[in-house]
Structure formats: structure tokens, C-alpha cells
Amino acid sequence: MPARSIEQIRNLCKRRGFIFPGSAAYGGLGSFWDYGPLGVEMLHHIKRAWWRSTVYERNDMEGLDGAIITSRKVWQHSGHEATFSDPLVDCKKCRARHRADHLTSNVCPKCGSADLTPPRSFNLMFQSHVGPVTAEAGTAEELASRVYLRPETAQTIFMNFKHVQTSLRRKVPFGVAQIGKAFRNEITPGNFIFRTREFEQMEIEFFIKPPQFVKEGEKTDEQWHEEWISQRYNWWLGLGVDASRLRKRAQDKAELAHYAKATTDLEYLFPDFGWGEVEGVANRTDFDLSAHSRDVPDADLARLKLEKNADSTETFDYFDPEAKARYIPWVIEPSAGVTRAMLAFLCEAYHEELVKEPEAAEIEAIKTEIPAVIKNAQKKAKEARKDKPEPAASAAGPAKFDPEAIEAFCTALDEMAARLPASLLEIDNLLEEHPGAANLEPVKKLKPKVNKMAEDCVRVVLRLHPTLAPVKVAIFPLKKNAPEIVDIAHRVTKQLSPFMRVQYDDSAGIGRLYRRQDEIGTPFCITVDFETLENNTVTLRERDTMQQTRVKIDELKHLLMQRLHLA
RNA sequence: GCGGGUGUAGCUCAGUGGUAGAGCAUCACGUUGCCAACGUGAUGGUCGUGGGUUCGAGUCCCAUCACCCGCUCCA
């Protein structure tokens, strides 16, 4: 069972050095996060896996790394400046939100109240200025020096379409991949690293023939779109996401962005907030390249609802030597979030498992206690049903005791109790999370007992795909007071270090050392023991199965490189 | 931005106006022959921040910030 809540992931991330709150010493800065030693490893692995699959393993892709700070003109002509910045006012009384420039007076059109917030600019782009500027906002001088932190990496790919095409002598169809940071001043960030104001994208602009130039037997824009959707979908599955928690969802007409002919989102089923977009694959047509081009036929401008671009010095077209024609290519854009990917992979990998049989006597004690809890709960449910006409469940909030929830809770608890001890973790979770369990006194008494027992018998393990694991191998001496064993453990560490991230640890008993590594998803642990002294073999312990095999030290590197997909 | 909640040691939390606490974690020493062992000791907190009430504030009041939940928003 993957993570039950984002909170679990957030705690683990902080405790074990994946992700820390940003600017923490000064009280934190809303929704900015710093990636710790393990987080940065994982980010690198995600990005490398993406780059390998989209650039190295194809023959029709090139890479790019564009500047983050970009001319204001880029975003004027891409359409972002206009669509990203409305001055809005809120009515404090009825909470309706209106565009300030649509108001005819200082009165809310909905309820007539004059109690409005001052207009706030909802420009989602972070801006700055190049050079020393003292000019007042909005003046020609200020606008001339204004720059934006890119809100997506895509536009810098468009700006470089011709550079890449000519310098690498590419023929359409081909694509350009970019990984990099993007910034959006989101009104409502949240859900840990799911929506943040600073984030990282992995984007591809794949340039293809416009429909009218597609010949018999060549792929249409729709076919390319489909191909990329399935290509990208499979990438997620290949890195360990279960198909039951990953879906393709085609956006309907109303949802589509102004530039897109079609978009399919890849969504992951997160705990707490459910399906969330981790990647979008859009058919952007020739909108973007046309928008940045100087010479575009009027008919195309009209079709794309674009103004003529007098600022641009370029036309982003392509001479097709076969068709002997010049055209502005269409674009398929697979655009994934690095940080969202990390959250999805962590949620997917998080598991709590029973690894020890609980004490039979304690299980019996709980078994006898549960029927009493159920009986009491049912009594409460009955009382609550009687009280229902009371205003308990009114606008003030949900009732303290919801009879239906309580009954559902009782049914579930009864079923689980029959399956003890195997269901210990489920019961622990049920007592903690089920709405029907809230506020019940006997539950409050039972909870710590179950929780304690569960904690004693459980291990937390990140079943990360080996490619994504921040630490690949941990190396322990079985006994840290045996110098000859410690010595070999150090030597093995040194031997493997150039090829993979390894961790040497001798600061606890062997069991604890294993658990620590399980919690950060280390696929393999190596233990140097007394047998090593006799025959030069070590114990190789696997994270997922906890099984141990003996491996010759000489063969370790080769074996690990294979098992970790490094060779 | 609105409503509700939370904020005390690295983590989980206790502490209802009178000397800042526990468990876990971390570190050191000893012990330890494979899945969260044990002993001894140590480190660690201006109680989110700022103001106020009070002889005295972690505790009461005001403001502010951050996070969580729900709205709103999300080209």
C-alpha cells in the first residue's frame, strides 16, 4: 500500500534529508523548498532518466538549456503577459471576485457592498529589471527594462528553434528537450511540493509537419500526439508507478488552453488530494512559432487569433527540402514536472510492512477489547441518530458524531479484527483516519496500544526503482570493534564509490542499520562479517525481499552495476 | 484572499499564570555473530515572531508569519 497521506511523505523527507522548508531560520517562506542531500540525488536521477529516455535513446532529439531571465517581449507575444495579469478585487462581504477594470464603480455588482479589497495584480509571472531602475511601474522606462522569470521553459525552446535546427542540421520532424526551473507566482500553492512557486520542468517541443504537408504513410499531428502520450505514459510505468494510479485524461474543450488543439494530462493518484497532473502532452499546433514570427500570412494570423508581430526580427519557419516548401512547423509538447514527479515517486514507493510477528498475548488483548469498542460506538451512533434533528450538522460544521460514519467504522473494524494479526496496520490506520472513529472515547484508549504494537513490528520502506534511489548501496561492518572487518568494509566502500552513491555506516546494530536504509529506499546493503575473513565474500541484502546472498567481493561491482541498471 | 485548525528539542508530543519536560532520534565510550539490542554519559529549546496584560506568560489578549484542511483561484 503506497503512502496514505502527504504528511507521511513530508515527515520522512524532512527527517531523512530529502526536502526541507525554505528560509526556515526566518520563519519560512511560503511554499519554497530546499532539496537536501538525498533529495538532490533523487532529482538528478529523475532528470537523468528522463533525459536518457527522451534524448539519448532517440535519434530525433536534441537538448537545450535556456536562460531563466527572459525579455518581456517573449511573454508579451506568447500571450502570457495578457492572460497572466488581471487586477482583481474581492468583495469582503459576499466574497465574489471581480476584475477591477470591469467595475464601473466602487460597489460590488453582486451584492452592492462597497467593502472591497484594493485591486491586487494577479500577475503570475515574477518580474525584475535589468540594470538600475528607479522608474515608476508601468512607465515606458520601466517597461523597457522589465524582465520576467520564465513561467515555463517551453518558450525558450521556441526562441531557439532555428538555432538548433540549423546548427545541428536537423530535419523536421525533430524535437528539443529542456530541463530547468520555471516560476509562477501561484495564488494558491500547496500540497507540499505539488504546487510551488519555484519548480522544475522537463519539457519537449517536438516539431512536425503541418497537416497540409503530411504525405501518405507519414504520421499526422494527431498520430504524433498519440505516440508521445503513450511514450511518456510508459516512462512513468517503467520507473515503478503502478498503472492503477496513473491515468491519461484528455482535456475537454473548455479546459484547453488558448494555444492547444488537444491536451492529454497524465495524472497520478496522490494521497489526500487525489488525481493530480504530473505531465501534460499538448498539441500546440503552429501557435507559438507563429506568435514569435515576423512574417506570418494574414490567414494564419486570423486562424490562430494572433496579432501581427512587429517586434520580432525572425520568422520561425522551416524549408522542407522534400516538399520544396517553407512552413512554420507544428508542435507536440510533452511537459512534465520534476518536483511533481519526485512527489509521485515518493508516494508510490512509500510502504509500511509488518516484518515481525506481534506478541500473541498483546494481540489477544486487543482482540478482546475491540468488541467493547464496537458496542460502545454503536450506542453512540444510536444516540446520534436520535439527536439528528438538532442543529448539530448545520452550517456550523459536521456533527461530532455522524451515525453513518460510525457504523461504517464498526463494520470495517469488525472485519479487520477477524484477520488479526495480519490486519494490525490496517486497524492502526483505521483508528487514526476513519471519520467515524473521531471523538470516540474507547477508540482514543485503544489507539495508542495498537499504534505502539504496529510501530514495533513495522518497517517503513521506500520501494523506489533502483534508478531513482538516492543511495544505491550501504556498507556495514557486522561488528565495529573488529578492526579487520571495519577495514574491509572501508575498502569495499572506496572500491564502489566512483560508480555509485554509497553510504558507510557503523553507528548502530545491524538491524537498525538495515531499517535506516529501507526508509530512504537504498536497494542494497552489504555487510562485511566474519565469513568475509575466511573466503572474501560479503552478505548482500536486498531491500524489497530482505533476502541475503553471499557475493564475492571481486564480483560486487559488476553485479551491482547490473542490478542497479548502471551498466 | 476568506473561514477553521496547528505552531514547545532533529521527530512525535505533554505541559490551564509560578524553576522548560518525556519518549524516540543524534553523538561518545563500553557491549553487541544478521533485521528498529543493552548500559553509562552527553549534545540539543530566547516555547514561530513582535507587542500587550501581569509581581510573574509556553499558558491570557492583540498583531504578524508559516504550515494543514475547506472555499476562492489555477493562461
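Numbers restart at 1 for each chain; the letters A, B, ... are given by sequence-line order, proteins then strands.
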Report the base-pairing partner of [N] (Watson-Crick or G-U wobble, both distances below 3.5 angstrom), or none.
| N | result |
| --- | --- |
| B:rG3 | B:rC69 |
| B:rA22 | B:rU12 |
| B:rU54 | none |
| B:rG33 | none |
| B:rG41 | B:rC27 |
| B:rA63 | B:rU49 |

Of the nucleotides [options], which has the atom closest to the [X] side chain?
| X | options | value |
| --- | --- | --- |
| A:Arg516 | B:rC68, B:rA25, B:rC35 | B:rA25 |
| A:Arg512 | B:rC74, B:rA37, B:rC34 | B:rA37 |
| A:Lys356 | B:rC67, B:rC34, B:rA36 | B:rA36 |
| A:Arg550 | B:rC67, B:rC27, B:rC34 | B:rC34 |

Would you classify [X] as touching base, sugar-phosphate or nothing, given that sugar-phosphate means primed atoms plus P, OP1 and OP2, and contacts are heavy atoms under 4.0 Å?
| X | value |
| --- | --- |
| A:Val355 | nothing |
| A:Asn191 | sugar-phosphate |
| A:Glu152 | base |

Restricting both atoms to N or O, compile the protein contacts to nucleotides 6-12 of chain B shorter than 3.5 Å, with distance only.
unit_1 : atom_1 : unit_2  : atom_2 : d
B:rC11 : OP1    : A:Lys14 : NZ     : 2.4
B:rU12 : OP1    : A:Asn11 : OD1    : 3.4

Calculate the interatomic distance between [X] atom [atom1] and [N] atom [atom2]; express it in whole Å.
| X | N | atom1 | atom2 | value |
| --- | --- | --- | --- | --- |
| A:Ile19 | B:rC67 | CD1 | C1' | 15 Å |
| A:Met125 | B:rC74 | CE | C1' | 15 Å |
| A:Leu354 | B:rA36 | CG | C1' | 14 Å |
| A:Phe32 | B:rC65 | CZ | P | 16 Å |
| A:Arg195 | B:rC67 | CZ | P | 14 Å |
| A:Trp33 | B:rA66 | CH2 | P | 12 Å |
| A:Phe192 | B:rC68 | CZ | P | 9 Å |

Which residue pairs pass the salt bridge (charged side-chain N to carboxylate O under 4.0 Å, His left out) test with at least one member in residues 67-77 of chain A, sequence neighbours excluded?
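Matches after skipping sequence neighbours: A:Arg72-A:Glu81, A:Lys73-A:Asp311.
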Does atom NZ (A:Lys248) have a neighbourhood of more than 12 heavy atoms from anything else shown, all under 6.0 Å?
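Count over threshold, so yes.
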[X]: side-chain hydrogen bond (donor to acceptor under 3.5 Å, both in side chains) partners, not counting sequence neighbours:
| X | answer |
| --- | --- |
| A:Arg516 | A:Asp505, A:Ser507 |
| A:Glu41 | none |
| A:Thr153 | A:Glu203 |

If you take all heavy atoms of A:Ile475 and A:Val502, which pair is closest and at what distance?
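Smallest interatomic distance, heavy atoms only, reads CD1-CB, 4.4 Å.
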Taking all heavy atoms of A:Glu198 and all of A:Phe32, pick out the closest pair and write down the distance.
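In terms of heavy atoms, the two residues are closest at CB-CE2, 3.8 Å.
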Using distance alone, with no hydrogens and no angle criterion, decide if [X] and [Y] have a side-chain donor and acceptor under 3.5 Å apart.
| X | Y | answer |
| --- | --- | --- |
| A:Gln178 | A:Thr156 | yes |
| A:Thr539 | A:Asp529 | yes |
| A:His77 | A:Glu307 | no |
| A:Thr70 | A:Trp75 | yes |

Please state whether the base of B:rC35 and the side chain of A:Arg459 form at least one donor-acceptor pair under 3.5 Å?
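By the distance-only test, no, there is no pair.
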Going by modelled atom types, is there a donor-acceptor pair between the base of B:rC34 and the side chain of A:Arg541 at under 3.5 Å?
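Answer is no: no donor-acceptor pair is held.
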May I ask you to decide if [Y]'s main-chain N or O and [X]'s side chain share a donor-acceptor pair within less than 3.5 Å?
| X | Y | value |
| --- | --- | --- |
| A:Thr527 | A:Leu478 | no |
| A:His225 | A:Val281 | yes |
| A:Thr532 | A:Val528 | no |

Show the distances under 3.5 angstrom between N or O atoms of the protein and N or O atoms of nucleotides 39-46 of chain B.
none

Let's see if you get this right: which residues in [range] place a heavy atom under 4.0 Å from RNA chain B?
| range | answer |
| --- | --- |
| residues 473-481 of chain A | A:Leu478, A:Lys479, A:Lys480, A:Asn481 |
| residues 269-285 of chain A | none |
| residues 524-535 of chain A | A:Thr527, A:Asp529, A:Phe530 |

Set of salt bridge (Lys or Arg N to Asp or Glu O under 4.0 Å) partners for A:Asp34, sequence neighbours left out:
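Expected list: none.
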Which residues satisfy the ring-ring contact (aromatic ring centres under 6.0 Å, His included) test with A:Tyr514, sequence neighbours excluded?
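So A:Tyr514 forms a ring-ring contact (aromatic ring centres under 6.0 Å, His included) with A:Phe476.
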Mind checking what makes side-chain contact (heavy atoms from CB on, under 4.5 Å) contact with A:Leu301, not counting sequence neighbours?
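If we apply the side-chain contact (heavy atoms from CB on, under 4.5 Å) test to A:Leu301, skipping adjacent residues, the hits are A:Val296, A:Asp298, A:Leu306, A:Lys308.
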Does A:Arg284 make a cation-pi contact with A:Trp330, if we ask for NZ or CZ under 6.0 Å from the ring centre and within 45° of the axis?
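No, A:Arg284 does not sit over the ring of A:Trp330.
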How far, in whole Å, is B:rC62 from B:rG23 if one measures between their C1' atoms?
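Each nucleotide's C1' atom is 36 Å from the other's.
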